[in-house]
2 protein chains.
Amino acid sequence: MATTTATQRRAEAKREYDAFLAVCPSRQLLDAIADKWVTLVLTALDAGPARYSQLSRQIAGVSQKMLTQTLRTLERDGLVERTVTASVPVRVDYALTPLGASLVAVIAHLKDWAEVHMPDVQQSRRRYDRRARDAG
Amino acid sequence: MATTTATQRRAEAKREYDAFLAVCPSRQLLDAIADKWVTLVLTALDAGPARYSQLSRQIAGVSQKMLTQTLRTLERDGLVERTVTASVPVRVDYALTPLGASLVAVIAHLKDWAEVHMPDVQQSRRRYDRRARDAG
DNA sequence: CAGCATCCTTTAAGATACTG
DNA sequence: CAGTATCTTAAAGGATGCTG
């Protein structure tokens with residue numbers, strides 16, 4: 001039936017594209033660092049190893065759920081190393097792995113661009129909003 | 001009353017930190033490019049200007065709602081320029097601005113890192129998952 | 001101290017139908 | 001062609017209480 005063809009084709013194209021994205025390294029990286037807390041934790045650890053509670057205090061806005069979740073993901077990705085010292089109470093230290101450190105270096109480039117160009121972006125936003133308001 | 005102090009302090013710390021993040025250029029940039037479609041549209045336009053329908057076909061997985069929304073945001077940020085040609089039917093062209101092009105250059109660094117190191121990340125993930133399965 | 005489990009709300013994203 | 005408007009679903013995130 002011709003009625004379903006267009007929809008089916010679209011659906012299949014989407015599936016294919018999703019499959020492509022799933023194996024695309026750039027996309028995987030973006031997925032990994034896009035998260036709000038990932039970059040904050042990574043840059044916090046760039047200053048040196050830290051304990052869970054230190055990170056929790058330093059990254060003041062994070063809930064403990066998100067901090068734990070973020071650290072687990074980073075550990076799974078091999079970007080952060082988790083060291084448990086069996087004492088009472090338990091002590092857990094987190095540190096960047098060499099891989100994690102190399103990623104922080106790349107993120108630093110983003111930071112550089114941001115510090116130079118974000119003012120331009122903001123100005124553009126203001127102008128855009130002003131036009132929209134004047135037009136509306 | 002002492003019972004509310006801890007909670008209040010936490011809440012205030014969070015507000016302050018959120019305010020800090022709101023003016024942090026790096027965070028703003030991350031917010032801007034973290035989006036799944038932003039980088040895809042940006043890199044698609046890096047190959048040259050394109051019309052709405054071209055982008056829609058090229059980025060096969062995107063819904064037309066998300067494409068429009070992404071393009072509007074990029075236009076607002078001054079990263080993409082939108083040119084309307086009043087014909088019947090209307091024709092709309094999108095192109096990177098110099099600012100947008102400079103951002104794509106930075107994103108390319110991410111891409112480079114991804115192509116080199118994502119295999120390591122994936123291996124780490126497999127190892128982590130295997131350990132977790134064996135332990136469970 | 002460093003979490004885990006649960007519930008609950010807010011937000012983002014997708015499908016769908018219609019328009020200048 | 002290039003969108004807008006609306007509705008609904010998926011999921012991310014936060015608050016809270018409990019544990020080795």
Side-chain angles (χ1 to χ4, degrees), chain A residues 3-4 6-15 17-18 21 31-32 34-38 40-41 49-76 80-95 132 135-136, chain B residues 3-4 6-15 17-18 21 31-32 34-38 40-41 49-75 80 82-95 132 135-136:
Chain A
T3 47
T4 56
T7 310
Q8 282 180 345
R9 249 199 304 246
R10 268 174 76 101
E12 193 188 347
K14 181 169 160 32
R15 267 202 311 281
Y17 197 74
D18 287 351
L21 288 181
D31 283 342
D35 189 65
K36 182 177 180 176
W37 305 115
V38 166
L40 290 170
V41 170
R51 298 176 59 176
Y52 182 92
S53 49
Q54 285 181 276
L55 290 172
S56 172
R57 245 170 291 123
Q58 198 176 336
I59 308 171
V62 74
S63 70
Q64 144 259 43
K65 174 185 174 181
M66 284 292 99
L67 181 56
T68 301
Q69 187 176 302
T70 303
L71 287 167
R72 282 297 122 78
T73 305
L74 292 174
E75 189 196 358
R76 177 170 181 260
V80 158
E81 194 190 0
R82 179 169 179 268
T83 313
V84 181
T85 308
S87 54
V88 181
V90 193
R91 172 192 177 123
V92 182
D93 286 274
Y94 291 93
Chain B
T3 48
T4 56
T7 312
Q8 283 180 345
R9 250 200 302 248
R10 267 176 76 100
E12 193 186 349
K14 182 169 158 34
R15 268 202 310 281
Y17 197 73
D18 286 351
L21 288 181
D31 283 342
D35 189 66
K36 181 177 180 177
W37 305 116
V38 165
L40 289 170
V41 170
R51 297 175 61 175
Y52 182 92
S53 49
Q54 285 181 276
L55 291 173
S56 172
R57 245 169 293 126
Q58 198 176 335
I59 308 170
V62 73
S63 69
Q64 131 260 52
K65 173 186 173 180
M66 285 287 84
L67 181 56
T68 301
Q69 188 176 303
T70 303
L71 287 167
R72 282 296 123 76
T73 305
L74 292 174
E75 189 196 357
V80 158
R82 179 172 179 266
T83 312
V84 182
T85 308
S87 54
V88 181
V90 192
R91 173 193 177 124
V92 182
D93 286 274
Y94 291 92

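Computed from a predicted model, the values in this text were never measured in an experiment. Just so we're on the same page: letters track the sequence lines, and every chain starts at 1.
Separating the NZ atom of A:Lys65 from the C1' atom of C:dT10 is a distance of 12 Å, rounded to the nearest angstrom. Regarding B:Met66, its CE atom lies at a distance of 7 Å from the P atom of C:dG14, rounded to whole Å. Look at CD on B:Glu75: it is 15 Å from P on D:dA2, rounded to the nearest Å. In this entry the distance linking CG of A:Leu67 with P of C:dG3 reads 8 Å, nearest Å. Rounding to whole angstrom units, OH of residue A:Tyr52 and P of C:dG3 are separated by 6 Å. Atom CG in B:Asp31 sits roughly 15 Å away from atom C1' in D:dG13 (whole-Å rounding). Rounding to whole angstrom units, CZ of residue A:Arg57 and P of C:dG3 are separated by 14 Å. Atom-to-atom, CD of B:Gln64 to C1' of C:dC18 comes out at 11 Å; the value is rounded to the nearest Å.
Taking side-chain N and O atoms only, B:Ser53 has a distance below 4.0 Å to OP1 or OP2 of D:dA2. Between B:Arg51 and D:dC1 there is no side-chain polar atom (N or O) within less than 4.0 angstrom of OP1 or OP2. Proximity of B:Thr68 to the phosphate of D:dG3: no side-chain N or O atom is located under 4.0 Å from OP1 or OP2. Phosphate contact (OP1/OP2 of C:dC1, side-chain N/O of A:Tyr94, threshold under 4.0 Å): absent. Taking only side-chain nitrogens and oxygens, B:Arg72 comes nearer than 4.0 Å to OP1 or OP2 of D:dT4. Residue A:Arg82 places at least one side-chain N or O under 4.0 Å from the OP1 or OP2 atom of C:dG3.
Judged by atom type and distance alone, B:Gln69 does not reach the base of D:dT4 through any side-chain donor-acceptor pair under 3.5 Å.
Within 4.0 Å (heavy atoms only), B:Asp93 reaches no atom of the nucleic acid at all.
Taking CZ from A:Arg51 and OG1 from A:Thr83, the interatomic distance works out to 12.0 Å, rounded to the nearest 0.5 Å. With values rounded to the nearest 0.5 angstrom, A:Thr70 atom OG1 is found 11.0 Å from A:Lys36 atom NZ. With values rounded to the nearest 0.5 angstrom, B:Asp35 atom CG is found 7.5 Å from B:Gln69 atom CD. To the nearest 0.5 angstrom, A:Tyr94 atom OH is 4.5 Å from A:Leu71 atom CG. Taken to the nearest 0.5 Å, the OH atom of A:Tyr17 stands 4.5 Å off from the CG atom of B:Leu40.
Minimum atom distance to the side chain of B:Asp35 is reached by C:dA13, of the listed C:dT16, C:dA13, D:dG13.
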